Number of protein chains: 2
Amino acid sequence: MVKEKKKESCFKGEELEHGKCMGMIMPVRDALDILSGKWKLPIIISLTFGNKRFSQIAKEIPGITDKMLSKELRDLEMNELVKRTVYDSVPVVVEYSMTAYGKSLNKVIEELRKWGAQHRQRIMKK
Amino acid sequence: MVKEKKKESCFKGEELEHGKCMGMIMPVRDALDILSGKWKLPIIISLTFGNKRFSQIAKEIPGITDKMLSKELRDLEMNELVKRTVYDSVPVVVEYSMTAYGKSLNKVIEELRKWGAQHRQRIMKK
DNA sequence: CAGTATCCTGCACGATACTG
DNA sequence: CAGTATCGTGCAGGATACTG
């Protein structure tokens, strides 16, 4: 969800670089707003490994509560990253899956994973 | 790189997929921990455009307070992403710059920027 | 200029109980 | 099974003032 951003104040003399800088900051913030929080990425990652039901996701993500899982799934659904499908069997089965749009996050996540793994290595050496 | 296409569930006894899943989640969380918060990425991006002094960064990032800038710079320095250099002229000049390690974030940030820009486009159309 | 020192507030997140 | 409903609380972040 795009939150309202504060308008930049323009200072004379540095408008060129300042503009370039803001041009990067804003989209990066947009991306981070979508992904931020403790549970969104874990949920997304879990779903990239296959469609899952509510309780399956809960099991795969240690520590998450029903409330948080429910809320975060709703957020992700609103942003069209995740699709919720209800099969009206008895009892009701609800399946969550990544949308095509959600899958477009793959490269971002892969870069985060690579950097994070390398960072972890680096920390351990000390 | 060989990617096994694994389908389906993570029921009892199926530790394999769960392990793979956790193996992704943890480094991604590590990366996000470093970058999370309202100001870290803006500061990093600002510094990728060149070394800056404290007040220059403050000017380039609308809304940030001295306190937050100071705190975040200290965090980034501790993680060795940013270097702080004091020139003992009069008055004292302090210059902040990205370390080589900090620059290794470039690809991550670029992916975030690309996705964020595209996402912004998508939102605007609605 | 380059920051600290205080004080304050909201809300992200948690614990627990309950439901169709 | 797939979630709500309530009731907390810690801490990220903000406002404002001050300093070497």
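These figures come from a predicted structure and were not determined experimentally. To find a chain, count down the sequence lines: A is the first, B the second, and so on, and within it residues start at 1.
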Taking atom [atom2] of [N] as reference, at what distance in whole Å does atom [atom1] of [X] sit?
X: D33(A); N: dG13(D); atom1: CG; atom2: P; answer: 12 Å
X: F54(B); N: dT19(D); atom1: CZ; atom2: C1'; answer: 14 Å
X: L69(A); N: dT4(D); atom1: CG; atom2: P; answer: 10 Å
X: I43(A); N: dA2(D); atom1: CD1; atom2: C1'; answer: 14 Å
X: Y87(B); N: dA2(C); atom1: OH; atom2: P; answer: 12 Å
X: L73(B); N: dA2(C); atom1: CG; atom2: P; answer: 11 Å
X: E95(A); N: dC1(D); atom1: CD; atom2: C1'; answer: 14 Å

message: Regarding dG14(D), can its base be found pairing with the side chain of K67(B) as donor and acceptor, where the two atoms are less than 3.5 Å apart?
response: yes
query: So, are E111(A) and K114(A) salt-bridged, with charged N and O less than 4.0 Å apart?
result: yes
Cationic N near anionic O, under 4.0 Å, E60(B) to K52(B): yes
Among the nucleotides [options], which one has an atom lying closest to any side-chain atom of [X]?
X: E72(A); options: dC13(C), dA2(C), dG14(D); result: dC13(C)
X: W39(B); options: dC1(D), dG13(D), dG3(C); result: dG13(D)
X: S55(B); options: dG3(D), dA15(C), dC1(C); result: dC1(C)
X: K38(A); options: dA2(D), dG14(C), dG14(D); result: dG14(C)
X: R84(A); options: dT4(C), dG14(C), dG3(D); result: dG3(D)
X: R53(A); options: dT4(D), dC1(D), dA2(C); result: dC1(D)
X: M68(B); options: dA2(C), dT4(D), dG13(D); result: dG13(D)

query: Is there a side-chain contact between L47(B) and L81(B) (heavy atoms, below 4.5 Å)?
result: no
- prompt: How would you label the contact of Y96(A) with the nucleic acid (heavy atoms, under 4.0 Å): base, sugar-phosphate, or nothing?
  reply: sugar-phosphate
- request: Following the transitive rule for hydrophobic clusters with a side-chain heavy-atom cut-off under 4.5 Å over Ile, Leu, Val, Met, Phe, Trp and Tyr, establish whether V93(B) and I57(B) coincide in one cluster.
  value: no
- prompt: So if you build clusters from Ile, Leu, Val, Met, Phe, Trp, Tyr with side-chain heavy-atom gaps below 4.5 Å, do F54(A) and V86(A) land together?
  reply: yes
- prompt: When you measure from the centre of the six-membered ring of Y96(A), is the NZ or CZ of R53(A) under 6.0 Å away and within 45° of the axis?
  reply: no
message: Reading 5' to 3' and counting Watson-Crick or G-U wobble pairs with both distances under 3.5 Å, write the dot-bracket notation for DNA chain C, | for bases paired outside the strand.
response: ||||||||||||||||||||
- line: Sorted by position of nearest nucleotide on DNA chain C, 5' first, the leading residue of S36(A) and D66(A) is S36(A)
task: Respond yes when some side-chain nitrogen or oxygen of K71(A) is under 4.0 Å from OP1 or OP2 of dG3(D), and no when none is.
output: no
message: Quick one about T85(A) and E95(A) (side-chain donor to acceptor, distance below 3.5 Å, no hydrogens or angles considered), yes or no?
response: no
